Amino acid sequence: TWEDVLGSVPHYVAFPQWHPMLLGQALLRLAHVDATRASQMFDIWEKHIVLPEDVIPQLCMEFLRANRLDLAMPLFIRSRFEGKFGRDLVATALGVLAHPKNMFLDVELLTVLGQALLDITRSLPLPKLNQGRYAWALTALTHSGDPTTALSVLRNIQHASPTFFSPLSV
């Protein structure tokens, strides 16, 4: 019952400084179970509580894992792409975006994706495991009218790993 749930809430929930962290954790758990409801709750509560910076990309990742591109992309656009988690977030997004059913992509989204790829390829080598996804992204950037970004990303990849796109692997 709701009384049991509310009765088991720890006393520190009453402290306002804990609300952002608790809300963030609740949204992430809810997203794992019901992405639609988590998105609705995020939209409602975001106006009232400033969530920790790491919640938005994590929530985006949960929506991508649920294959809910419609819920993930507004958060993807607001995410920062740093370190291994940023690289994993981009790779996961590419896995969903590169699906044949997503033939039409938003130019704003591709611009953010291009900048994310630039940021990531400047600091980390890319795993060959996702090579096809990155090849798809470079092609999408080129076709969207942003060949300069695609070329910069390709240069970064080739600099970090000259054999990443070897002729035999593409």
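Since this is a predicted model, take the numbers as computed values, not measurements. Just so you know, residue 1 is the first one in the sequence shown, and it goes up from there.
- Residues forming a side chain to side chain donor-acceptor pair (under 3.5 Å) with N67 (at least two apart in sequence, or on another chain): none.
- A salt bridge links E46 with R78: at least one charged nitrogen is closer than 4.0 Å to a carboxylate oxygen.
- L129 and F165 are assigned to two separate hydrophobic clusters, defined by single-linkage of ILVMFWY side chains at heavy-atom distances under 4.5 Å.
- Residues M41 and L30 come closest through the heavy atom pair CG-CD2, 3.8 Å.
- Taken together through direct or relayed side-chain contacts under 4.5 Å among Ile, Leu, Val, Met, Phe, Trp and Tyr, L28 and V33 form parts of separate hydrophobic clusters.
- Linking ILVMFWY residues whenever their side-chain heavy atoms come closer than 4.5 Å, directly or via other members, leaves L124 and L94 in distinct clusters.
- How far CD1 of I120 is from NZ of K84: 11.5 Å, rounded to the nearest 0.5 Å.
- Atoms CG and CZ, from L126 and R133 in turn, are 12.0 Å apart once rounded to the nearest 0.5 Å.
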Evaluate the criterion side chain to side chain contact (heavy atoms under 4.5 Å, CB included) for residue pair F63 and L59; output intermediate values, then yes/no.
CA-CA 6 Å; F63 293 159; L59 198 54; 3.8 Å; yes
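- How far NZ of K128 is from OG1 of T163: 4.0 Å, rounded to the nearest 0.5 Å.
- L97 contributes atom CG, which lies 5.0 Å from atom CG of L69 (distance to the nearest 0.5 angstrom).
- F42 pairs by the ring-ring contact (aromatic ring centres under 6.0 Å, His included) definition with nothing, not counting sequence neighbours.
- Closest of all the heavy-atom pairs between A38 and L27 is O-CD2, 3.6 Å.
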Please table the atom pairs, donor to acceptor, closer than 3.5 Å between any side-chain atom in residues 150-161 and protein atoms at least two apart or in another chain.
residue, atom, partner, partner atom, Å
S152, OG, T148, O, 3.1
N156, ND2, T121, OG1, 3.1
Q158, NE2, P162, O, 3.3

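- Residues Y134 and N130 are in side-chain contact: their nearest non-hydrogen atoms beyond the backbone lie under 4.5 Å apart.
- If you take CG on L89 and OG on S79, they are separated by 5.5 Å, rounding to the nearest 0.5 Å.
- Nearest heavy atom pair, residue G24 against residue V55, reads CA-CG2, 3.8 Å.
- Side-chain contact check for R68 versus L64: every heavy-atom pair is 4.5 Å or farther apart.
- Residues Q131 and F164 meet the side-chain proximity criterion, which asks for heavy atoms closer than 4.5 Å.
- Interatomic distance, T149 OG1 to L113 CG, rounded to the nearest 0.5 Å: 10.0 Å.
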I'd like to know whether L117 forms a side chain to side chain contact (heavy atoms under 4.5 Å, CB included) with L141, so could you lay out the CA-CA distance, the side-chain angles of the two residues, the decisive distance to 0.1 Å, and finally the verdict.
CA-CA 11 Å; L117 285 167; L141 286 170; 4.2 Å; yes
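- In this structure, R87 contributes its side chain and P125 its backbone to a donor-acceptor pair below 3.5 Å.
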Hey, mind stepping through M61 and F85 against side chain to side chain contact (heavy atoms under 4.5 Å, CB included) and telling me if it holds?
CA-CA 10 Å; M61 181 72 92; F85 183 82; 4.1 Å; yes
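- Inter-residue side-chain proximity for H143 and T139 is flagged as met; some heavy-atom pair is nearer than 4.5 Å.
- The closest side-chain donor-acceptor pair between T92 and R65, if any, does not fall under 3.5 angstrom.
- One hydrophobic cluster, built from ILVMFWY side chains closer than 4.5 Å, cannot hold both V107 and L138; they sit in different ones.
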Run the side chain to side chain contact (heavy atoms under 4.5 Å, CB included) test on E108 and I77 for me, step by step, so that the C-alpha distance in whole Å, both residues' side-chain angles and the decisive distance to 0.1 Å come before the verdict.
CA-CA 8 Å; E108 180 186 9; I77 289 170; 3.9 Å; yes
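- Judged by distance alone, with hydrogens and angles left aside, the side-chain atoms of D34 form a donor-acceptor pair with the main-chain N or O of R37 at under 3.5 Å.
- Between L71 and A35, the shortest heavy-atom distance links the atoms CD1-O, 3.5 Å.
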